[in-house]
Amino acid sequence: MRAEGITEEDLFRSLEGFRGRDIPHSRIFSSMCTVPHPVALRAHALFAETNLGDPGLFPGTAALEALLVQRLGALFHHEAACGYATSGGTESNIQALRAAKVLHGRTGGRINVVVPASAHFSFQKACDLLSLEMREVPLDAEFRMDVESAAGMVDGDTCCIVAVAGTTEYGMVDPVPALAALARQEDVPLHVDAAFGGLVIPFLSDPLPFDFEVPGVMSIAVDPHKMGMSTIPAGCLLFKEHKMFSALAVETPYLSVKQEFTLSGTRPGGPVVGALAVLEYFGMEGMQDVIRGCMENTRRIIEGMETFGVMRAVTPDVNVATFAAAKVPGPWRVSTTRNGHLRVVLMPHVHRGMVEAFLRDMGDLHA
Ligand code: 0PR
């Protein structure tokens with residue numbers, strides 16, 4: 001601590017200096033987060049003082065969280081879905097596996113989960129915390145989970161099968177109907193990690209099946225702080241049935257509510273209302289426009305890169321484009337997959353002008 005405080009002016013001059021060291025979104029092609037929409041910022045500011053950890057004190061904010069869950073449930077073909085707003089995909093995935101483990105009960109052997117090799121590293125954290133064995137299923141040539149291999153890995157100690165709808169590295173959607181059929185046959189829940197794709201796929205002109213419409217899908221993780229243009233942190237975990245949600249309950253004797261289902265205690269209302277605000281503001285048609293733009297930019301960058309001989313690794317299902325390794329001009333921030341492919345994410349802040357400027361710079365380097 002400083003012995004004496006500094007003036008607000010000095011404080012903010014200093015903070016702005018640090019902020020100036022951050023990379024501006026106008027050069028970021030590597031992130032699954034984006035610039036929050038102005039309505040999200042405004043809603044966040046209005047609810048900045050709220051704590052969803054004690055909903056009895058903030059019934060208005062809690063009602064908006066319930067509405068967010070309802071809206072996302074309806075978007076995923078199950079208006080009666082239950083769940084809560086998490087801090088993001090990591091928490092949602094931990095909690096989904098926790099619920100699956102509780103419901104599985106004791107078997108004698110070490111309980112396991114069957115996940116695709118493409119699964120986000122949050123599943124490693126979840127398995128570590130929950131003492132689960134993580135069985136990684138190989139991918140097919142298009143980087144999707146191989147169903148036959150998955151079938152070979154499930155046994156009596158499996159508490160959950162995981163599919164990803166919009167993989168972090170390649171933007172692929174796993175074959176959810178086939179995996180859900182396997183899950184039903186084995187009597188285990190299928191958890192779908194749609195942290196990224198959950199707010200893309202429903203707005204595509206020809207959406208792939210990934211949600212509660214598919215029997216066997218019992219839980220879904222979706223992150224408004226990714227394609228939902230909310231402020232950070234805003235995730236959501238949805239369950240098809242209350243039985244699975246209630247597996248997360250702990251008693252909270254001195255709070256305004258008797259039980260809590262969340263991982264965090266104190267929880268910010270700001271980003272949760274921010275997430276809802278964006279969905280309300282855009283509606284289906286507005287979101288379809290946003291996603292159409294992101295997918296057009298995805299197709300344009302793939303086509304543009306291929307004219308320089310930098311070929312796609314795969315044709316993605318959502319707005320993540322990957323290429324054979326190639327040099328990228330200095331100012332642009334891109335990422336590299338674990339297989340060494342160049343990866344760009346066509347988020348809403350990556351507008352057409354940015355794509356064309358990137359391609360011009362790539363052309364100068366590669367043509
Ligand atoms: N599931 C999937 C499919 C994800 O892509 C991610 C994060 C998660 C779960 C975990 O979500 P949280 O990070 O919200 O807990 N995917 C990105 C990644 O790890 C997150 C990210 C976002 C990384 C912005 C970098 C960045 O600049 O690559």
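We count ligands from 1, going down the list as the structure has it; atoms in each ligand are counted the same way. In this text, all values refer to a predicted model and were calculated from it rather than measured experimentally.
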Undergrad: Would you confirm whether Asn112, through its side chain, and Arg135, through its main-chain N or O, come within 3.5 Å as a donor-acceptor pair?
TA: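 The answer is no, because no donor-acceptor pair under 3.5 Å joins these two groups.
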Undergrad: Among all protein heavy atoms, pick the one closest to atom 4 (C) of ligand 1 and tell me residue, atom and distance.
TA: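 Scanning the protein heavy atoms, the shortest distance from atom 4 (C) of ligand 1 goes to Thr168 OG1, 3.3 Å.
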Undergrad: Heavy atom of Cys33 under 4.0 Å from ligand 1?
TA: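 Cys33 counts as a contact of ligand 1 under the 4.0 Å cut-off.
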Undergrad: Run the contact test for Glu91 against ligand 1 with a 4.0 Å cut-off on heavy atoms, strictly below, and give the result.
TA: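 It does not; every heavy atom stays at 4.0 Å or beyond.
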Undergrad: Answer yes if the ring centres of Phe308 and His366 are under 6.0 angstrom apart, and no otherwise.
TA: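 Centroid separation for Phe308 and His366: 6.0 Å or greater.
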Undergrad: What atoms in ligand 1 come closer than 4.0 Å to a heavy atom of Ala195?
TA: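 Within the 4.0 Å cut-off of Ala195, ligand 1 contributes 1 (N), 2 (C), 9 (C).
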Undergrad: Among the heavy atoms of Lys226, does any lie under 4.0 Å from an atom of ligand 1?
TA: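 Yes; Lys226 lies near enough to ligand 1 that a heavy-atom distance drops under 4.0 Å.
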Undergrad: Which atoms of ligand 1 are found less than 4.0 Å from any heavy atom of His225?
TA: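 Close to His225: 14 (O).
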Undergrad: Backbone, side chain, both or neither: what part of Ile28 comes under 4.0 angstrom of ligand 1, heavy atoms only?
TA: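 It is neither part, as no heavy atom is under 4.0 Å.
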Undergrad: With heavy atoms only and a cut-off of under 4.0 Å, state how Thr90 meets ligand 1: side chain, backbone, both or neither.
TA: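 For Thr90, the contact with ligand 1 is made by both the backbone and the side chain.
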Undergrad: Side-chain donor-acceptor pairs under 3.5 Å in residues 34-43, sequence neighbours left out?
TA:
unit_1: Thr34; atom_1: OG1; unit_2: His349; atom_2: N; d: 3.2
unit_1: Thr34; atom_1: OG1; unit_2: His349; atom_2: ND1; d: 2.8
unit_1: His37; atom_1: ND1; unit_2: Val39; atom_2: N; d: 3.1

Undergrad: Mind jotting down which residue pairs meet the ring pair (Phe, Tyr, Trp, His ring centres under 6.0 Å) criterion with at least one end in residues 134-176? Sequence neighbours excluded, please.
TA: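 Residue pairs passing ring pair (Phe, Tyr, Trp, His ring centres under 6.0 Å), neighbours aside: Phe143-Tyr170, Tyr170-His341.
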Undergrad: Counting heavy atoms only, which part of Asp223 comes closer than 4.0 Å to ligand 1: side chain, backbone, both or neither?
TA: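 The part of Asp223 near ligand 1 is the side chain, not the backbone.
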Undergrad: Answer yes or no: are there more than 12 heavy-atom neighbours, outside Glu49 itself, under 6.0 Å from its atom CD?
TA: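 Incorrect, the count does not exceed 12.
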Undergrad: Might you point out which heavy atoms bring Phe323 and Val344 nearest each other, and give the distance in Å?
TA: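 Smallest interatomic distance, heavy atoms only, reads CE1-CG2, 4.0 Å.
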